[in-house]
Structure formats: C-alpha cells, structure tokens
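The block underneath contains the structure these notes are about, expressed in structure tokens.
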Amino acid sequence: MADTYLKFVNAQPFTRVAKAAGLPRPVPLRRYMQGEPIVPGPVLVLGRSSGTQAVSSTLLQWDLDVRRHMRPKEKLGAAVVILDDLTHPAQLSDIFLELGGLLRELLPGGRVVTISRPPAHGTPPETAAAQRAVEGMLRSLAKELRGGATANGILLDAGVDVTGHSVSAALEFLLSGKSAYVDGQFITVGHSEGVGPTDSATPLSGRTAVVTGAARGIGAEIVQVLRRDGAQIIAVDVPAAGEHLARVANDVGGTALQVDVTAPDAAERILHHAATRYGGLDIMVHNAGITRDRLLANMDAARWNSVMAVNLESQLRINVQLLGSPDFSADGSIVCLASTSGIAGNRGQTNYAASKAGVIGMVRATAEALAGSGRTINAVAPGFIETDMTAKMPFATREVARRLSSLQQGGLPLDVAEVVSFLASPGAAGISGQALRVCGQNLVGA
Ligand code: NAD
C-alpha cells in the first residue's frame with residue numbers, strides 16, 4: 001500500500017510545516033539502479049590501523065572518489081571507519097569525534113560503515129569494551145542520521161582480514177542502494193574464502209534458485225531480483241496460487257512448480273525438478289510463510305500447528321534432504337525468511353514469533369554444522385514491509401509501525417529481495433549463520 005504521508009511530507013509547503021511541527025520527515029530512499037555509482041559522492045576512509053590503506057585501495061579499485069581527509073565545502077557520499085585494531089576504549093574518542101564533525105556534510109542517502117571486530121573468547125576486558133563500544137555508537141548514530149542515510153557495521157571474526165573477499169562484498173552491499181532499508185545492523189564475516197564483489201551486474205549467473213511462496217508479495221519480488229542478478233528461477237507455491245505463480249515464473253523465463261512446502265515429498269519434488277530441468281540446485285530461498293494471529297489465551301491447535309508447519313518445520317525437513325543430496329551444489333546457499341517478530345516478540349503472534357525465532361535457531365545450528373563445507377545458510381528478518389499483509393493492518397497501527405523506525409517508513413519487498421540476493425551471492429561465501437534485519441532499524445525489538 002502506498003505511503004501517502006511520505007509523498008505528502010516531501011512536497012512544499014508541507015515539508016516546512018512538518019519541520020516546524022516536529023513531525024516525522026521520511027524521504028524516498030536511495031535504492032539500487034543499474035549503472036549508477038555505488039555511493040552518491042566521495043567516500044572518506046577514517047582509521048589508524050594498517051587496514052585503513054588496504055580498504056582505501058579496494059574502494060579505489062571500484063572507481064570511487066576516495067579521501068583520507070575532507071576537502072573544504074565538500075559533501076560526502078559515505079564514511080568508512082576502520083576499527084579492526086582496537087585494544088582500549090580511549091582509542092575511540094578521536095576517531096568518533098572526527099566522524100561526528102563530518103556528519104553534516106553527509107549527502108541524502110549517504111552511508112556510514114564501520115569495520116571492527118567482535119570480542120572473541122579470552123579477549124582482555126579493555127579490548128572487549130572498546131569492541132562492543134563500536135556497536136553501541138553505531139546503533140545510536142543510525143538513529144541520529146536523517147535524509148535516508150544509514151549506518152551499519154561489518155564485524156570480522158578471528159583470522160578475517162579487512163581485505164577478505166566477503167568483507168569487500170559486504171562493504172559494497174552496505175554502501176550501495178541495495179541496502180536501503182538495512183539500518184543499525186552488523187554483518188559478521190566468519191572467514192575469508194569466496195570471491196569478492198565482481199564487476200558483473202549478474203553475480204548469480206549460472207546459478208539455479210528455488211523461491212518458495214513465490215506467487216506474490218516478497219517472494220514474487222525475490223524472484224525478480226534473483227533473475228535480474230542472473231539466476232535461473234524455479235518458483236514454488238501452493239496449487240491454489242497456481243495462476244499467479246505461473247505469471248511470476250513466466251515473467252522471468254523460469255518454471256513454476258506447484259508444491260505445498262509442508263508436503264512430506266516437497267524436497268524430493270523440488271530437487272527432482274531442479275536436477276532434471278537445470279542440472280541441480282544452487283540457491284534455496286525459504287520464503288513461504290503464514291500468520292494465524294491470536295493471543296495465546298485464545299490460541300487453538302490448528303492455528304499453532306499450521307504456522308509452525310509452514311514457517312519452520314517445512315524448512316527443517318527440506319534442508320535435511322537438500323544438504324544430503326548431491327543435486328544441491330557443494331557451494332550452495334540457503335536463505336530463510338525470519339521476522340523481527342521472532343527477535344522481539346509481537347502481541348498476538350506467539351505462534352508466528354516462535355516459528356520465526358525457531359528459524360533463526362535452525363540457521364545458527366545448521367551454519368555450525370556446515371562450517372568449512374563451502375555451503376552457507378542465513379536468515380533475513382524483515383520488519384514492517386509494504387505488502388498485502390501489512391495493508392490489512394488498522395490505519396493507526398500501520399502508521400505507528402511505519403514511523404517508529406530510524407528511516408520513518410516501511411520497507412518495500414524489493415528491500416528484502418536485495419538482501420536475499422546478496423546473501424545468496426558468491427561474495428557472501430564467508431557469511432553464514434546470520435540473522436540480518438531489514439527493518440529500517442524499527443524501534444520494535446531494537
Ligand atoms: P504473503 O502472504 O504475501 O505471501 C506468502 C506466499 O507464501 C503466498 O503466495 C502463499 O500462497 C505462499 N504459501 C503459504 N503457505 C504455503 C505452503 N504451505 N507452501 C507453499 N507456499 C505457501 O507474505 P509476504 O508478506 O510476502 O511474506 C513473505 C515472507 O516474509 C513470509 O515468510 C513472512 O513471514 C515474512 N515476513 C513478512 C513481513 C511483512 O511485513 N510482509 C515481515 C516479516 C517477515
């Protein structure tokens with residue numbers, strides 16, 4: 001459903017009125033457009049570690065206008081802050097105050113990205129304090145930025161260097177318009193394998209992807225973006241959605257497969273279809289999901305069981321068969337739709353939140369089992385996304401849900417699809433076991 005307030009508040013004289021009245025002033029977000037620069041202006045790289053020069057060199061290779069110092073009266077597309085060598089909180093003051101002094105020059109849709117390390121087991125207290133301080137600073141900064149600008153971080157696990165392939169891929173993603181609705185989040189890079197960002201506009205070419213729940217909403221958009229990025233598509237949905245499903249699949253030259261994901265033979269049918277039509281499967285997107293809301297005091301078995309069956313048990317069952325099958329690539333990736341409800345909880349959604357929290361648990365445990373195998377699994381947790389589901393919310397609840405985020409608006413299915421495509425890309429080979437929120441830093445569950 002269109003966000004009428006967003007349009008209204010961006011037209012004069014309403015912009016001035018909203019400013020004077022202290023009302024939220026969401027702006028249209030900077031989203032990815034093929035052929036446009038990754039960032040809207042020069043990129044400043046701040047940092048004292050040796051990694052600072054290495055990151056500057058990487059950015060230069062992408063033809064960006066890179067600076068170590070600001071020029072007078074210059075506007076800034078992004079600031080990248082390298083903090084991979086912190087050992088004490090006293091090291092933070094200079095660099096964060098320098099960053100603060102530049103923020104007024106950040107262009108609309110600008111980006112701040114930190115690259116730092118999370119405290120590892122056995123880290124000295126003062127080092128761990130400095131490392132965690134970065135997270136608190138960044139999450140607060142994301143709440144202060146306006147004009148559609150975002151702040152996100154990359155965390156490097158032990159042994160991962162700032163020049164790691166997936167570090168570069170995550171940096172490119174966070175700087176670009178593809179991460180428009182990701183705000184106040186951290187992406188952890190667990191190892192340095194894989195390939196970095198390629199110049200290719202189709203990083204998924206040669207890959208075959210299954211998207212479940214593809215007939216409409218977020219699933220239909222994931223189909224479009226994975227195809228745009230080069231993948232062959234198998235679109236899956238229930239037989240009742242067959243007509244829409246066929247349209248979505250035809251649109252991208254893919255195939256439609258009518259399968260209820262809760263069926264015991266769902267994985268077998270998906271794998272058989274992928275093997276016979278495309279010679280195997282590389283990307284599995286578990287997007288199918290349902291809600292059957294009731295307060296727990298009024299919950300019945302049908303509501304509880306159906307939500308768990310579609311949202312969680314189907315994913316568990318399909319993954320077991322997928323990961324045991326030679327038809328699923330040795331470097332295959334699985335992306336599972338979770339929800340911020342599964343992180344923060346939501347009144348009336350005990351069943352839904354249990355299923356989505358379950359997805360996050362499943363993803364973490366499966367990633368541990370897959371470590372070193374070349375395969376990855378990640379979760380994407382959307383917040384308020386403009387779909388048929390959220391269009392049905394009562395007006396006041398919908399307005400509050402939209403505005404109570406740092407970006408002061410709901411996300412689009414496209415925003416979720418961009419994150420799914422990034423996590424399924426070869427560049428994200430070093431990223432596994434994550435639950436990445438796509439929520440505009442919604443205050444609910446922050
Ligand atoms: P939607 O209801 O618009 O679409 C869901 C699709 O899944 C439908 O086409 C439906 O037919 C299909 N589906 C349902 N049960 C199925 C089954 N048993 N087998 C195969 N297909 C089945 O939902 P959406 O808003 O596009 O959400 C997509 C995913 O994103 C879901 O997992 C949802 O929980 C999650 N999500 C959505 C939001 C949001 O704001 N819309 C927020 C957080 C998470």
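Read the numbers this way: they start at 1 and go in the same order the structure lists the ligands and their atoms. Start at 1 with the first residue, then count along the sequence.
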Residues, nucleotides or ligands: over 12 heavy atoms within 6.0 Å of R228 CZ
yes
Could you tell me whether R364 and E368 make a salt bridge, using a distance below 4.0 angstrom between a side-chain N and a carboxylate O?
no
Of all protein heavy atoms, the one nearest atom 7 (O) of ligand 1 is G213 CA, 3.3 Å
Heavy-atom contact check, 4.0 Å cutoff: does T212 meet ligand 1?
no
Rounded to the nearest 0.5 Å, the CG atom of D415 sits from the CD1 atom of I218 at a distance of 10.0 Å
May I ask you to check if ligand 1 and V310 share an N or O to N or O distance below 3.5 Å?
no
Is the shortest N/O to N/O distance between T262 and ligand 1 below 3.5 Å?
no
Under 4.0 Å, heavy atoms only, figure out whether ligand 1 is touched by the backbone of T387, its side chain, both or neither.
side chain
If you count the atoms of ligand 1 from 1 in the order shown, which ones are under 4.0 Å from a heavy atom of G383?
40 (O), 42 (C), 43 (C)
I'd like to check whether K356 has a polar contact with ligand 1, where a contact means an N/O of the residue lying under 3.5 Å from an N/O of the ligand.
yes
How far is atom 17 (C) of ligand 1 from the closest protein heavy atom, and which atom is that?
V238 CG1, 3.4 Å
Can you sort out which atoms of ligand 1 are near G217, meaning under 4.0 Å from one of its heavy atoms?
26 (O)
After noting the C-alpha distance and the side-chain angles of L175 and V80, does the key distance pass the side chain to side chain contact (heavy atoms under 4.5 Å, CB included) rule?
CA-CA 9 Å; L175 290 174; V80 179; 4.2 Å; yes
For atom 5 (C) of ligand 1, which of the options A215, G289, G219 provides the nearest non-hydrogen atom?
G289
Return the closest protein heavy atom for atom 19 (N) of ligand 1 as residue, atom name and distance.
V261 N, 3.0 Å
Protein heavy-atom partner closest to atom 4 (O) of ligand 1 - residue, atom, separation in Å:
R216 NE, 3.5 Å
Ignoring hydrogens and angles, tell me if any N or O in the side chain of R402 forms a donor-acceptor pair with the backbone of Q409 under 3.5 Å.
no
Which one of L436, L337, N442, V419 satisfies the side-chain contact (heavy atoms from CB on, under 4.5 Å) criterion with P382?
L337
Going by heavy atoms, is A309 under 4.0 Å from ligand 1?
no
Just to be sure I read this right, does ligand 1 sit under 4.0 Å from the backbone of A338, its side chain, both, or neither, counting only heavy atoms?
backbone
Have a look at I218, V359, N287 and point out the one with the heavy atom closest to atom 29 (C) of ligand 1.
N287
Does atom 23 (O) of ligand 1 have a protein heavy-atom neighbour under 4.0 Å away?
no
For atom CZ of R277, is the number of surrounding heavy atoms from other residues, nucleotides or ligands below 6.0 Å larger than 12?
no
For atom 43 (C) of ligand 1, what is the closest protein heavy atom, and at what distance to 0.1 Å?
P382 O, 3.4 Å
Which atoms of ligand 1 have any heavy atom of S339 under 4.0 Å away?
43 (C), 44 (C)
Are the side chain of R111 and the backbone N or O of S176 linked by a donor-acceptor pair below 3.5 Å?
yes
Within 45° of the ring axis of F173 and under 6.0 Å from its six-membered ring centre, is that where the NZ or CZ of K178 lies?
no
Does any N/O atom on T390 come nearer than 3.5 Å to any N/O atom on ligand 1?
no
Can you measure from CZ (R117) to CG (L155) and round to the nearest 0.5 angstrom?
10.0 Å
Heavy-atom nearest neighbour in the protein, as seen from atom 33 (C) of ligand 1, with distance rounded to 0.1 Å:
Y352 OH, 3.5 Å
Return yes or no for this condition: an N or O of I290 is under 3.5 Å from an N or O of ligand 1.
no
To which of D260, D237, V380 does the heavy atom nearest atom 8 (C) of ligand 1 belong?
D237
Compare every heavy atom of V134 with every heavy atom of L86, then report the nearest pair and how far apart it is.
CD1-CG2, 3.5 Å
To the nearest 0.1 Å, how far is atom 40 (O) of ligand 1 from its closest protein heavy atom, and which atom is that?
I385 N, 3.1 Å
Compute the shortest N/O to N/O distance between V236 and ligand 1 and return yes if it is under 3.5 Å, no if not.
no
Closest protein heavy atom to atom 38 (C) of ligand 1, given as residue, atom name and distance to 0.1 Å:
M389 CE, 3.8 Å
Going by the order shown, which atoms of ligand 1 are within less than 4.0 Å of some heavy atom of V259?
19 (N), 20 (C)
What donor-acceptor contacts under 3.5 angstrom involve side-chain atoms of residues 251-258, with partners at least two apart or in another chain?
{"residue": "D251", "atom": "OD2", "partner": "Q224", "partner atom": "NE2", "Å": "3.1"}
{"residue": "T255", "atom": "OG1", "partner": "H273", "partner atom": "NE2", "Å": "2.9"}
{"residue": "T255", "atom": "OG1", "partner": "Y278", "partner atom": "OH", "Å": "3.0"}

Would H286 and N319 count as having a side-chain donor-acceptor pair, cut-off 3.5 Å?
yes
Look at R207 together with D229 and state whether they make a salt bridge at an N to O cut-off of under 4.0 Å.
no
Which distance, rounded to the nearest 0.5 Å, do you find between the CG of L138 and the OG of S140?
8.5 Å
